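One structure below.
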Amino acid sequence: MYRPLQTKKRKNKVRIAFFFFAFFVFVSFTFFPKTFLFFSGAANTASVSAWNAKTSGSSVLSGSASYLSTKESLIAKNKELSEKIKKMEEELSGYDFIIQQNLELKKELSLKKENGVFGTIIARPNVTVYDTFLIDIGEKNGIKNGDKILANGNMILGTVEESYQNLAKARLFSTAGESSDALLGPDNLPVQLKGLGGGSFVADLPKEADVKEGDSASLSGFPEYIAAIVVSKEEKSNETFQKVYFRGPINIFDAKYIQVIKTANR
Amino acid sequence: MKKEGITKRQIVERIASDTAILFLVLFFPWWVACFFCFLGAAFFENFYEAFFFGLLLDALYGTEAINFHGFRLFFATAALFFIFFSVTVKQKVRFFS
């Protein structure tokens with residue numbers, strides 16, 4: 001009888017000590033944000049090597065796996081990739097016009113060419129909890145909070161939120177709950193893009209607004225970069241507004257490389 | 001009489017599961033790690049490690065601006081509530097006693 005009671009008392013002491021420790025952690029992280037920043041920096045720094053190992057390991061494995069594929073699976077994969085290329089060629093025909101327009105605009109405005117730092121994405125949605133990218137460049141590469149993330153040279157994705165020595169966290173504009181002011185289509189309709197998460201946006205526009213699938217939106221202050229592309233719209237007969245759905249300019253679940261540009265002078 | 005106390009095998013199992021969950025936190029979607037933390041709490045006694053994994057999720061993937069509706073320590077708080085309730089529920093449920 002005596003021994004189990006002593007064990008139970010010891011377990012309760014451990015539980016109480018744990019909850020006190022958790023309370024202490026909460027208080028220090030809430031009222032002293034720098035302690036959480038330090039902890040976050042240490043955790044991210046320790047994880048960078050693991051993420052980098054995973055990135056290089058994946059490329060080695062995918063190369064080796066091709067030797068083990070059967071003939072049928074290779075034929076099926078070939079067919080799938082051919083269809084994908086055909087679809088991308090169709091999409092690209094729309095982008096050619098945008099790029100040409102962009103170059104003409106830049107020439108007219110004599111904008112200075114952006115110098116950016118290239119980085120690799122080491123963690124992306126769905127691994128990251130929110131629509132965030134973890135990239136393998138940081139303060140030692142000149143990255144600062146507030147710098148913008150680009151892809152393919154003309155697509156803007158998000159903003160650097162936290163930068164550490166060798167790592168930076170970027171919040172994408174498509175993060176759920178995020179709102180961004182943008183200009184849509186050739187008429188530069190002002191819209192407010194609301195992030196839905198997963199690289200998607202939604203905006204409310206007047207019913208009479210002329211919006212087509214494939215129209216691109218650029219952020220206010222960054223007219224030379226594509227921020228979102230219209231995929232569909234939803235109209236209801238008894239409402240004066242239409243819901244327009246957008247997707248981000250790239251597939252954020254597959255993205256590998258980005259460019260960070262300094263925006264302090266904008 | 002059944003001997004109380006932690007065996008070597010239990011320690012090894014616990015370390016192995018903690019390592020596996022750490023691997024999941026780093027390389028798999030967050031909900032996979034959460035699910036296995038839930039399983040860990042069901043099978044191990046006083047799975048306090050879930051709190052540290054929650055803190056890790058908040059530290060790795062959240063920032064001042066990127067958080068759950070303004071609350072930065074969402075996963076750590078959820079883990080704490082879950083640990084507390086799992087301890088209480090397991091005391092009441094015959095399967096775990």
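All figures in this text were calculated on a predicted structure; none of them were measured in a lab.
With a 4.5 angstrom heavy-atom cutoff, B/Ala33 does not touch chain A via any of its atoms. Heavy-atom distances place both the backbone and the side chain of B/Phe27 under 4.5 Å from chain A. Neither the backbone nor the side chain of A/Phe23 comes within less than 4.5 Å of any heavy atom in chain B.
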Start with the C-alpha gap between B/Tyr61 and A/Lys169, add the side-chain angles, then the distance that decides, and say whether side-chain contact (heavy atoms from CB on, under 4.5 Å) holds. CA-CA 8 Å; B/Tyr61 304 127; A/Lys169 274 187 217 175; over 6 Å; no
Pair B/Leu73-A/Phe26, side-chain contact (heavy atoms from CB on, under 4.5 Å): steps then yes or no: CA-CA 8 Å; B/Leu73 297 172; A/Phe26 269 104; 3.6 Å; yes
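Summarising the geometry of A/Ser40 relative to B/Ala59, their closest heavy-atom pair is OG-O, 2.8 Å, with the distance given to 0.1 Å. Heavy atoms only, all atoms of each residue included: B/Leu80 and A/Ala22 are closest at CD1-CB, 3.6 Å.
The most heavy-atom pairs under 4.5 Å with chain B, out of A/Phe39, A/Phe36, A/Phe19, come from A/Phe36.
The 12-atom threshold is exceeded at CZ of A/Phe253, counting heavy atoms of other residues, nucleotides or ligands nearer than 6.0 Å.
Side-chain atoms of A/Arg15 and B/Tyr48, non-hydrogen and from C-beta on, do get closer than 4.5 Å to each other.
Ring geometry for A/Phe18 versus B/Phe51: interplanar angle over 60°, hence perpendicular rather than tilted (30 to 60°).
Partners of B/Phe75 by ring-ring contact (aromatic ring centres under 6.0 Å, His included), not counting sequence neighbours, listed by chain and number: B/Trp30.
Distance OG1/A/Thr128 to CG/B/Leu60: 10.5 Å, rounded to 0.5 Å.
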